[in-house]
Structures are given as structure tokens and as C-alpha cells.
Amino acid sequence: MSRARVLLLNAALGPLDYRVPHGMTVEPGSVVVAPLGPRQLLGVVWEPEAMPSDAEVGDNRLRNLLAVADVAPLGAPLRRLVEWTAAYYLAPPAAVLRMALSSTSAIEGARMMVEYRATGEVPLRLTPARAQALERIGDRQGLIRELATMADVSEAVVRGLVKAGAIEAVSADIDSPYPVPDPDHAPPALSADQQAAADRLAADVRARAFAPTLLDGVTGSGKTEVYFEAVAAAIRAGLQTLVLLPEIALTEPFLRRFAERFGCEPVAWHSGLRSTQRRRAWRAIASGQALVTVGARSALFLPYRNLGLLVVDEAHETSFKQEEGVHYHARDVAVMRGRFEECPVVLASATPAIETRQQVALGRYAELRLPSRFGAAEMPAIAAIDMIADPPERGRWLAPPLVRALAETLERREQSLLFLNRRGYAPLTLCRTCGHRFQCPNCTAWMVEHRLIRRLACHHCGHAEPTPRVCPECQGEDTLVACGPGVERIADEVRALLPEARVAIVTSDTVWSPAKAAEFVGRMEAHDIDIVVGTQLVTKGYHFPNLTLVGVVDADLGLEGGDLRAAERTFQQVRQVSGRAGRGEKPGRVFIQTHQPGARVMQALVTGDADAFYEAETEARREAGAPPFGRYAAIVVSAEEQSAAHATATAIGRAAPQTEGMHVYGPAPAPLAMLRGRHRYRLLVHARRALDVQDLIRAWLGALDWPPKVRVSVDVDPYSFL
Ligand code: ADP
Ligand code: ZN
């Protein structure tokens, strides 16, 4: 090949053609360095048929490729995945490709890298910044930049510490191979149900064909143990496995469990990795040496050399939906990757999404069921507390039956979990005298009080300010009141009611790294904690045998806003968190506090009749033409100037195609009318399933122009309606 089409890592550009200089060989998938103006960019050689270019350049005007990277070419299945993802989610192919080439140091970096760590020596001049740096860095190691971020100091401070001898350079071991998991290390004796499911999945792995399966089992039924047998089959065949988890916080317990079963940890991939760790993982994945990878959704686009199995654990979780950049759903893309790689895909869940159940109903996915908990453990009994008939005391949030249950559980030296999906102390602060409410200056959102750090913070943009003592509006002193509860406030209430209880708050504010998660698990297992107050971070994955009581502080919360999945999501969330209770030999109890005990979803939770609930929800969706029976796509227009956003949104609305089976709603101000200082308008496209909405939207928006300061983003199959 003397001419090559290259997809560069620049989302604004289409593919470009280059000359392959004499002596260089490339093939589709080769990672190359190409000139662009005065710059050099990474790119990947692509089949010209699959990536049409609208600017064909004559041979004589081509520029030379500069280099081929020392990594294996990206495989054809991954290239097809990049194309499919870009087309389906209406994203630039280069933006998708960037997720595959997600470690530049793996591709370009030198083989040796220098990292830094503390020597233990204390410098003569110990400024507060230096002290903070040494304390926060502890025994961790990383690049100067990474240490500075860890410690929240400038790079100059870290460099100063290097000069002072308190931090030293070490060469990092970046290309050493990972240990190979042993499929026979410690296999469990499976129950008959489990064995049957495991045999099926292992056979699918050996067949090396696309085979999507829903592994549907109640929490604690052993889904993990079952898919581990499929992982074992893949390891025996020398094939790679990817296990996707919905949250980084679940990585740590997973790593430990995996190591108990297979004798060593798998490769972890998440946003918390250091540059050297990323490099090592990326290269081992690309070479095929890393046999099992566990990661968050970004692991989905890595260049596995010979993928033999994909597992999406907690597959119903909405955090698999990426809400920034390329708006993709990792569960759905995982299934497509399995299709291109021709390997099985296991979607494991105790509360599968209606979309997934529908695929089973249509016969596209197989289903394996694990109907009961493993061993002696029983599913916990769920009771609703009617907050109108049995309200908490004034100024409190926990109703008497839940308080009694907490006291009894503490008495028995067992553990409890209170679930409330709200970080901080209170979701709204207002002035008692003048009624002033604290709103974020950048977003249509109230500032949330965080009492532990004495700040008001916006959960949308991160804006934070010290909690004032004086009302900025009327200058009243000590007139501010907190409205509504967050986890911190519930924790205070528990401490006041049960002073002897040891209470821990678990949210992304307190458990923000795998190490923190490990610390939390350790404290739970050592029974250093009696009562956990937590957000959705604690609803899944964890297995604490001594945890026997779960209280859902506000089961109505998820129904607010009322988007199409509100009831389903509430059902899933409460079932998940209930699944934390009674996982050992001791039976569990669950209380859900609600103002609507008669609502269908609350009834379904109490009776445990999931099938009836799903059936009714599915029918309601069918009637409304909502997913999975119809499709939605959201178009969000934003700009710093409201008039600019409005003008573009209006123009897009006017140009909407008139197509049978498709309806466009809006534009209207988005519920989050302002976000990070940008005004937002939304249009919602609702279409019949059979319609090619992507093509329609491409043609529609493609014919329009808007000023560069206006951003238009398309969200196909949206999960957020804000
Ligand atoms: P799920 O993923 O369905 O919630 P897990 O796989 O986490 O369930 O299993 C719940 C608990 O039961 C775990 O501690 C697990 O180790 C244990 N368990 C499940 N199946 C077996 C088995 N066959 N032998 C021993 N322990 C098992
Ligand atoms: Zn904000």
C-alpha cells in the first residue's frame, strides 16, 4: 500500500489520506503518527471503503506518514465497533477511537518511566504546603503531576520536595507481565441450578460464537460464582475476558473475590489509574497477555487481542450510560462488541432492565435464571412504612418502626444500612427571615449543604463556597435553615437516637477511591461500624453477612421528576439495596419509608412480585410507544448567551423533518435550564422503532449551521431527561 486512509485523533476532522513512505509497512488498524499542518497527530489506518472521505486528494499532494507505533494493529472487530458506535450515537469516529487509544504513553512512551515517592525524610523547611503534600502522598508513587494532584498542591511544591530529598525518583516497572489466573485455583462446589447455568455459559465460551445471555438471579444467588466458571473456561482456552462493573467503587471487592477464586488479581482499568499503570495495562491487553480485565465502561473500547467473553455485571445500572462526550450505553455497546468479536456476552442482574427483558422475550438473548439465594440465606422480608400514618417526630426523618428496628439490630450486635440517595447535609438552605434560597450561580440547582466540610456545593458543576453565617440578602445573623435531609443529617439523627452506635457515612465524598472502598469493607468486616448511612454507592456488590437491616429513608425520591424509567429505577434501586440485607445465615429485614404505600411500585416491592410489576410497566411502555417499543433521541442546544441558544434551538425546531412515525417535541428550556454557566434548550425526538432516526437526524442537523459558541449535542436512547 503506498496510500493510506487515516482516522486521526481529532474529532473535528474526517479521515485523511497520506502517502506511506518507502520502507514503511502499514495495514488497516496500524497506529501511526501523521503530520497535520505543523503538528503531529496519532491516528489509525482504516479501510477506505469503511471510512469514505469527502476530500479526495491527488497522489502528488499527499504528505508522508511519519511513523508506525510499536503496538499491534487494532483488530477488525474493534474497527467495526468504532464505526458502529459513531454511527449509532451520532458521534465523530475520532471521538470513539480516542477511547480505544486511551493511553498515549502506551503507544508513544519510552519503555522506562520515572516515578516519584516519599523517602520518609522530613525536609528542614517544612511549609504547610509541603506538610500537606507529604501527608497526602503517604506511600503512594506516581509522576510529579500525579503526586501534585493527589496532594492538591502545585507541581513546584513536589519538585521542591525532590530537591530537599523528601521525595525520590524510582524507575517504574511498566512492561512486566501480569500473573496468569489459575482456573483451578479454588473452584466452589456449585448448586444444581448454578452448575447448569455455569455449564451453559462455559459451553458458549468454548463455541466461540456470539451468544448474548441474560443471567437473571436474585441478589446473593451466586451470579458471580456462575459467570466465574465462564471466565475459567475462557482462561483455559487462552482467551481474554472483560468484566464491566458500573462503578469504580466496586472494583476493590471484585479484585479480592477474583483473587480468592483464581489465585491472583485480574487487570483493573479505571480512571483512577496512574499513567504507568495505564500503559502497562493497555499494552498487556493489546498483546493478549492480560487474560482477564475488570473495569468501568471505558474498558470496553480497549484493543483486546482475542476477546473470548464479555460480562456486564449489574447490567441494569444506569451508570453504564455515558452522559458526556460520546453518549453511549456500555451495556448495549458491549453486546455489539460481542457480536463483532464473535464471543458470548453475559448480562448479569437481579433486576434486569425492561429493554433487556424485551430482548429475551423476542428470543434475541438467552436467559438463565437463578431463582433462590445460595445456601441457607433467604430473601429478606420487605415492609413499607406509611409516612403519613406513622410519621417521624417533628424535625426528624426516621419513622418509629424503623428507629425500633435500628435499636433492636444494634442490640443484637448486627449491622444496619440506611439508604438515601442524597449526599451532604441538606438539599436546600434558606433564610428564615427573608426566604432567600441559595442557588448555584452557574446552574438551575440549589446549593447542597455539606456540614462536614462547612460548605455549600453544587452537585452539577462542583461550584462550592463556605456556608455563610449571615444571609447575603437581608444580613440576618444565624437565620439560615437546612431543608430536607441528606446522608449527613440522617447520620446526625442516628447518633442522637442511638449514641452508642458507631455510624459511618458512605458516599462519593467519603469513598472516592478503590483504596477508600477497601478500607470501608475492612471496617465493616471487622464490625467497627454498626450503622452505615449511604447513597447508591452502597446499594450493590457488597456482601456483609452480619448486615441484617436495611432502611430506605425516602423511597419516593426516585419517582420525582417522573421520567419514563422512574418507577423501574425505584424498583431496581430498592431491590438492590434490599439485597444487602440478610446475605449470611441471619435473616434480613427491609423497611421502605414512603408517602405512597399504594403506588404500584411500592406494592410490588412489598409483595416481591417482580413479574407482575415488570408486566405492567412493559405494557405501559408499549402503550406510550416508549423504549423498547419506540425510540427517543434528545437534542440539547447550549450557549453562554441565552439568545444564542434560543435562536439555534428554534432554527433546529423549524427545520425538523416531517416524517410519518416521528414526532419532535420542543424546543423548550431544559429542566436544568442552566448548567455550568450555559443556557440549555431541549428537543425530544420520538420515533417508531423501525425508523432510522440516526439517518434522519444526521440529514436534518447536517443541513444546518450554527455559531461556534453554540453547542448541539445529540443523545440517542437518552436516560437523563434533564
Ligand atoms: P450475586 O452475584 O448473585 O449477588 P454472589 O455470587 O455474590 O451472588 O454470591 C453471594 C454469596 O454466596 C457470595 O459470598 C458467594 O461467595 C456465595 N456463594 C454463592 N454460590 C456459592 C457456592 N456455590 N459455593 C460457595 N459459596 C457460594
Ligand atoms: Zn452549579
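Atoms within each ligand, like the ligands themselves, are counted from 1 in listed order.
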Around [atom], find the nearest protein heavy atom and jot down its residue, atom name and distance.
atom                    : result
atom 20 (N) of ligand 1 : Gln194 NE2, 2.9 Å
atom 16 (O) of ligand 1 : Glu225 OE2, 2.8 Å
atom 2 (O) of ligand 1  : Thr224 OG1, 2.8 Å
atom 17 (C) of ligand 1 : Phe374 CD2, 4.2 Å

Give, rounded to 10 degrees, the angle between SG (Cys458) and SG (Cys443) as seen from the Zn ion (ligand 2).
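That angle works out to 110° after rounding to 10°.
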Give the numbers and elements of all ligand 1 atoms closer than 4.0 Å to a heavy atom of [X].
X      : value
Pro188 : 24 (N)
Leu190 : 23 (N)
Thr219 : 4 (O)
Val218 : 3 (O)

Hey, can you tell me if Phe613 and Phe571 have their rings parallel, tilted or perpendicular (30° and 60° cut-offs)?
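Rings of Phe613 and Phe571: parallel, under 30°.
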In terms of ring plane angle, is the pair Phe254 and Phe228 parallel, tilted or perpendicular, where the classes change at 30° and 60°?
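Rings of Phe254 and Phe228: perpendicular, over 60°.
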Between [options], which is the residue that forms a side-chain hydrogen bond (donor to acceptor under 3.5 Å, both in side chains) with [X]?
X      : options                        : result
Glu229 : Gln195, Arg200, Arg261         : Arg261
Arg423 : Thr510, Thr535, Asp509, Thr507 : Asp509
Thr219 : Arg373, Glu314, Arg575         : Arg373

Determine whether the aromatic ring centres of residues Phe544 and Phe520 are separated by less than 6.0 angstrom.
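Yes, the ring of Phe520 comes within the 6.0 Å limit of the ring of Phe544, centre to centre.
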What about Phe438 and His436, are their ring centers closer than 6.0 Å?
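Between His436 and Phe438, which both carry aromatic rings, the centre distance is below 6.0 Å.
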Short N/O/S contact of His463 with the Zn ion (ligand 2) (below 2.8 Å):
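It does not: His463 brings no N, O or S atom closer than 2.8 Å to the Zn ion (ligand 2).
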Please determine whether His460 has a backbone or side-chain N, O or S atom lying under 2.8 Å from the Zn ion (ligand 2).
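No N, O or S atom of His460 is closer than 2.8 Å to the Zn ion (ligand 2), so no.
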For [Y], is there an ion pair with [X] - N to carboxylate O distance below 4.0 angstrom?
X      : Y      : value
Glu525 : Arg523 : no
Glu225 : Arg257 : yes
Glu641 : Lys709 : yes
Asp193 : Arg369 : no

Mode of Ser221 contact toward ligand 1 - side chain, backbone, both, neither (heavy atoms, under 4.0 Å):
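The answer is both, backbone and side chain.
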If you measure from each non-hydrogen atom of Arg583 to ligand 1, which part falls under 4.0 Å: side chain, backbone, both or neither?
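For Arg583, only side-chain atoms sit under 4.0 Å from ligand 1.
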Short N/O distance, under 3.5 Å, between [X] and ligand 1?
X      : value
Ser191 : no
Gly222 : yes
Ala189 : yes

Cation-pi check, Arg451 to Tyr425: give yes when NZ or CZ is under 6.0 Å from the six-membered ring centre and within 45° of the ring axis, no otherwise.
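Cation-pi check for Arg451 and Tyr425: passes.
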Under 4.0 angstrom from ligand 1, any heavy atom of Gly220?
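Yes, that is the case, since the closest heavy atom of the residue is under 4.0 Å from the ligand.
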Examine ligand 1 and decide if any of its atoms is less than 4.0 Å from a heavy atom belonging to Val226.
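No.
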Taking atom 6 (O) of ligand 1 as the point of reference, which of Arg257, Arg580, His543 owns the nearest heavy atom?
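The residue whose heavy atom sits nearest atom 6 (O) of ligand 1 is Arg257.
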